[in-house]
Amino acid sequence: MLNSKKEAPHLSGTCAMLPYMIKANFSRPLLQTREFRSILILMTAIQEETLYHFMEDSTVPFTAEDAAQHIRILSIQRVARLASEIQRLLSIRKSAFQLDKKRWVSRHGYFEKAHFVIHPTRLELLNGFLIPGHRCVPFVNPLLSPNEYIFYWEDRVISGTTAEGKPEEFYPYYSILGEEYAPQYVAQDTPENESAFNESLYEDPLEVSLHVLDMREIYRKIAFEPGDCLSVSVRDWKKGRFDLQMVKRGTWQESALEEWRQTAESGFRRSFDELGPSSSTEEQITFAYWYGGRRMLELPAYSLEDFLYEKTNYIETVPYGLESRFWYAGREIPDQIEPAEEFITDSHPAEEILYRYKVPVSRFVIQAYIRDAFFRDDRNLMHLIERIAPAAVGLERYDIQVLMSFLTELIIEMHEHYIPFVDQKMGHFRQRIAELHTAIIELTAHLRHSSIEAFQLPHHTFITLSQLQEHTAGMLEDLDTDECPPDSELMILDVSIENMLDTYRDVRESIEESIDGFRWSTFSFESADSDYGYIIQTGIVGTEVWRQLSFPKTGSLTLMHECIQAVFRWNNQFPHRFVMVEHGEDLPEAAYIQEIVNKGIRECAYEYGLGWTLKIVIVSRLESGESIQCVAGNGAAPPEQSGGALHFQKLLEDLGRIEPFARERAAAKLGPDFNPVFFDVEQCNQDLLKIFGK
């Protein structure tokens with residue numbers, strides 16, 4: 001679509017979890033790539049936020065003292081040496097451009113009134129629209145979404161419209177932001193898109209709708225043709241306002257365009273040399289324009305798309321852990337033996353201690369671990385510390401004592417507000433994420449403290465682990481709450497966890513293959529403990545209906561069959577069997593779940609009659625698992641006589657039709673009171689009690 005000779009690599013497999021992060025409201029991590037070290041910024045969170053507001057509004061060069069004076073006016077709290085703290089923060093976080101030893105210029109000040117180019121594609125010209133997408137990076141406030149930008153033609157606002165199409169048709173318009181994140185931007189564009197992506201967690205929807213600029217009248221009025229381009233001037237960086245003008249093909253001299261191209265290459269090269277792969281593609285591009293100088297903000301110029309994908313032979317998109325970056329063509333991004341740099345703002349000494357041991361967690365992550373301890377009913381303080389910072393981290397005795405004191409204060413503060421019943425559904429998800437986060441921290445510590453050299457490990461091992469750690473920490477922060485997300489978000493969360501578990505296992509296995517004899521076993525499903533079980537999820541393939549059960553390790557597949565019949569309110573009207581997915585072989589129903597786990601089997605299929613297939617996944621270990629309970633679920637169970645998943649989906653469609661005949665026919669099959677979205681965990685547990693009588 002972009003007519004590019006160099007396409008960004010298609011990232012799949014272990015990266016599949018990334019598009020789902022945004023659906024569950026998990027923020028994208030801003031990973032840094034310099035040497036890891038503990039940095040204590042003494043400014044409070046309010047003062048830091050005030051600083052960013054100051055820079056958002058600033059259009060002229062400023063000093064750290066200028067910013068400090070602004071903060072002092074608005075902040076009652078005092079920080080000694082505030083100006084030096086600001087200077088240090090700006091240097092570390094690269095949130096402004098340094099003019100000299102004292103002066104800085106904000107991104108607002110640098111990019112305001114700048115000029116750049118958009119080259120509409122044939123698809124846009126044929127359909128009479130323009131997709132902002134990534135085209136305005138880095139000339140706009142990054143807090144804005146592309147659908148919030150406003151464009152002007154001859155001082156009149158260009159009206160918006162929508163374009164419908166397959167998601168993959170729109171992904172190239174967001175690829176500069178990272179191809180792996182393109183689905184997120186498309187999903188975020190409209191609530192309908194988000195719902196469409198959520199309906200099928202493992203596949204893209206067939207069609208989406210995207211906010212676009214309605215350019216039909218403009219294209220027609222100015223006789224816009226392929227090869228022409230649009231020059232764009234920044235009217236308001238903070239609010240995302242832009243002016244458009246047409247530039248006919250051949251207007252600009254090739255020598256002037258070549259000058260801009262060389263300047264752009266120089267800017268990108270310096271960005272790579274000075275900052276490495278940076279925290280994101282946006283940061284790489286932003287500093288490429290800074291290092292390239294004012295010429296990159298002037299016309300004539302190429303569009304950023306044309307430059308990156310057509311006009312340079314020195315830059316290409318390369319994998320970087322679970323993400324992608326721009327880098328020197330034909331060269332991999334250098335590996336590193338340390339994870340990403342982290343920063344502490346307004347921190348407690350306990351957080352600083354953990355950062356010093358390279359356990360990058362915030363207070364909110366620690367609080368999520370405390371909630372998990374409440375959920376487990378584990379009152380042992382050392383168990384809690386070992387989950388936050390496993391033994392491989394190597395905490396010193398004095399630091400353990402400080403952590404104990406800090407955790408004790410938090411536990412006393414939080415315990416009186418914790419309600420176990422309210423946390424039942426969310427607690428299982430938090431427990432799984434916490435276990436994975438602990439495993440990542442432990443694996444990273446094992447590798448760091450071993451005699452293993454970076455070249456012995458699979459490429460970007462620490463980067464991948466760091467990105468996984470960022471995602472799981474973000475999830476834990478989101479689950480440091482008493483409010484349970486809706487079931488739809490929990491289902492998305494469940495898929496995200498599974499994808500990250502797969503990624504973690506892949507990383508661990510690749511390390512084991514690379515380094516013979518290197519083994520660790522803390523994060524595994526096996527244990528010598530006698531009192532534990534498993535969280536098992538069973539979902540009806542082809543529908544959005546699923547249930548999660550706590551299930552004893554000694555429970556057999558026969559028992560699982562009875563549970564499935566109960567939670568889906570079926571009555572054993574069809575024959576059934578359990579099948580290994582990979583080999584198609586039947587599993588003996590007398591087999592215990594623990595036996596299946598010991599054989600390395602994590603999922604299987606349950607075939608019921610000719611129309612129903614259920615996917616059964618052993619999700620995680622449960623510390624106490626003698627009882628059978630339904631802990632989560634989604635959607636009303638279909639009647640077993642409704643003809644199978646495909647026919648059931650058709651009945652649901654008919655249930656929502658205007659035609660009364662179709663509605664009545666569907667209601668007759670499903671039942672007059674059937675509500676597709678209804679799920680009651682208490683009702684499921686009552687149905688289980690009827691069968692098992694306890």
Side-chain angles (χ1 to χ4, degrees), residues 24 26-27 29 38 339 342 344 347-395 399-420 422-445 465-466 468-485 490 493 496-497 500-501 504 522-523 532 535 619-624:
F26 302 129
S27 60
S38 174
E342 297 292 333
I344 307 174
S347 67
H348 186 278
E351 294 174 84
E352 187 182 1
I353 288 172
L354 291 170
Y355 274 72
R356 181 153 39 84
Y357 285 96
K358 301 176 183 178
V359 179
V361 294
S362 67
R363 176 191 176 105
F364 306 108
V365 172
I366 295 171
Q367 290 176 173
Y369 272 103
I370 292 174
R371 291 179 188 276
D372 180 51
F374 293 161
F375 177 76
R376 296 170 184 261
D377 195 22
D378 186 347
R379 302 168 187 269
N380 189 313
L381 202 57
M382 276 308 300
H383 289 175
L384 176 59
I385 290 177
E386 287 166 2
R387 283 194 282 268
I388 297 171
V393 170
L395 293 176
D399 292 326
I400 292 175
Q401 291 173 346
V402 175
L403 287 174
M404 278 187 164
S405 175
F406 175 59
L407 292 173
T408 301
E409 292 175 8
L410 277 180
I411 289 169
I412 294 171
E413 177 186 328
M414 295 172 61
H415 190 265
E416 62 177 299
H417 302 292
Y418 180 78
I419 305 174
V422 174
D423 198 38
Q424 276 302 303
K425 186 183 294 186
M426 191 165 52
H428 292 285
F429 292 94
R430 188 191 300 112
Q431 180 176 334
R432 291 167 59 200
I433 298 167
E435 287 177 349
L436 176 57
H437 186 270
T438 300
I440 294 165
I441 294 294
E442 181 185 34
L443 174 53
T444 305
L465 288 173
S466 179
L468 275 175
Q469 186 276 327
E470 286 282 342
H471 285 304
T472 51
M475 286 181 170
L476 287 172
E477 288 186 349
D478 286 344
L479 292 179
D480 174 32
T481 176
D482 296 319
E483 298 180 9
C484 184
L490 288 177
L493 176 61
S496 297
I497 296 169
M500 286 192 290
L501 278 168
Y504 171 81
T522 298
F523 185 63
Y532 70 90
I535 293 294
V619 175
S620 65
R621 201 185 76 180
L622 194 62
E623 291 303 318
S624 58

Worked verdict on Met475 versus Met500 for side-chain contact (heavy atoms from CB on, under 4.5 Å): CA-CA 11 Å; Met475 286 181 170; Met500 286 192 290; 3.0 Å; yes

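One N or O on the side chain of Tyr369 and one on the backbone of Ala434 form a donor-acceptor pair closer than 3.5 Å. At least one donor-acceptor pair closer than 3.5 Å links the side chain of Thr438 to the backbone N or O of Arg387.
Taking 4.5 Å as the limit, every side-chain heavy atom of Ser405 sits out of range of all side-chain heavy atoms of Thr408. Two residues are said to be in side-chain contact when any heavy atoms from C-beta on lie closer than 4.5 Å; Phe406 and Ile353 fail this criterion. Between Leu476 and Asp372, the closest side-chain pair of non-hydrogen atoms is not below 4.5 Å. Ile411 places a side-chain heavy atom less than 4.5 Å from the side chain of Leu384. Considering only heavy atoms from C-beta on, His471 stays 4.5 Å or farther from Ile440 through its side chain. Counting heavy atoms from C-beta on, the side chains of Met404 and Gln401 never come closer than 4.5 Å.
The CG atom of Leu436 lies 5.0 Å from the CG atom of Leu501; values are rounded to the nearest 0.5 Å. Separating the CG atom in Leu354 from the CD1 atom in Ile388 is a distance of 7.0 Å, to the nearest 0.5 Å. Once rounded to the nearest 0.5 Å, the distance linking NE2 of His437 with OH of Tyr504 reads 12.5 Å. If you take SG on Cys484 and CZ on Phe429, they are separated by 8.0 Å, rounding to the nearest 0.5 Å. To the nearest 0.5 Å, atoms CD1 (Ile497) and NE2 (His428) are separated by 12.0 Å. Considering OG1 of Thr481 and CZ of Phe364, their distance stands at 12.0 Å, rounded to 0.5 Å.
Residues Ala389 and Val359 share a closest heavy-atom pair of CB-CG2, 4.4 Å. Here the closest non-hydrogen pair linking Ile441 and Pro390 is CG2-CD, 3.7 Å. Between Asn380 and Met382 the shortest heavy-atom distance is OD1-N, 2.9 Å.
Partner of Leu479 under the side chain to side chain contact (heavy atoms under 4.5 Å, CB included) criterion, chosen from Gln367, Gln431, Met426: Met426. Residue Arg371 forms a salt bridge (charged side-chain N to carboxylate O under 4.0 Å, His left out) with just one option from Asp423, Asp478, Asp482, and that option is Asp482.
Listed by chain and residue number, His415, Tyr418 satisfy the ring pair (Phe, Tyr, Trp, His ring centres under 6.0 Å) test with Phe374 (two or more places apart in sequence, or in another chain).
A salt bridge does not link Arg363 to Glu409: none of the charged side-chain nitrogens sits closer than 4.0 Å to a carboxylate oxygen.
In this structure, a donor-acceptor pair under 3.5 Å is absent between the side chains of Gln469 and Thr444.
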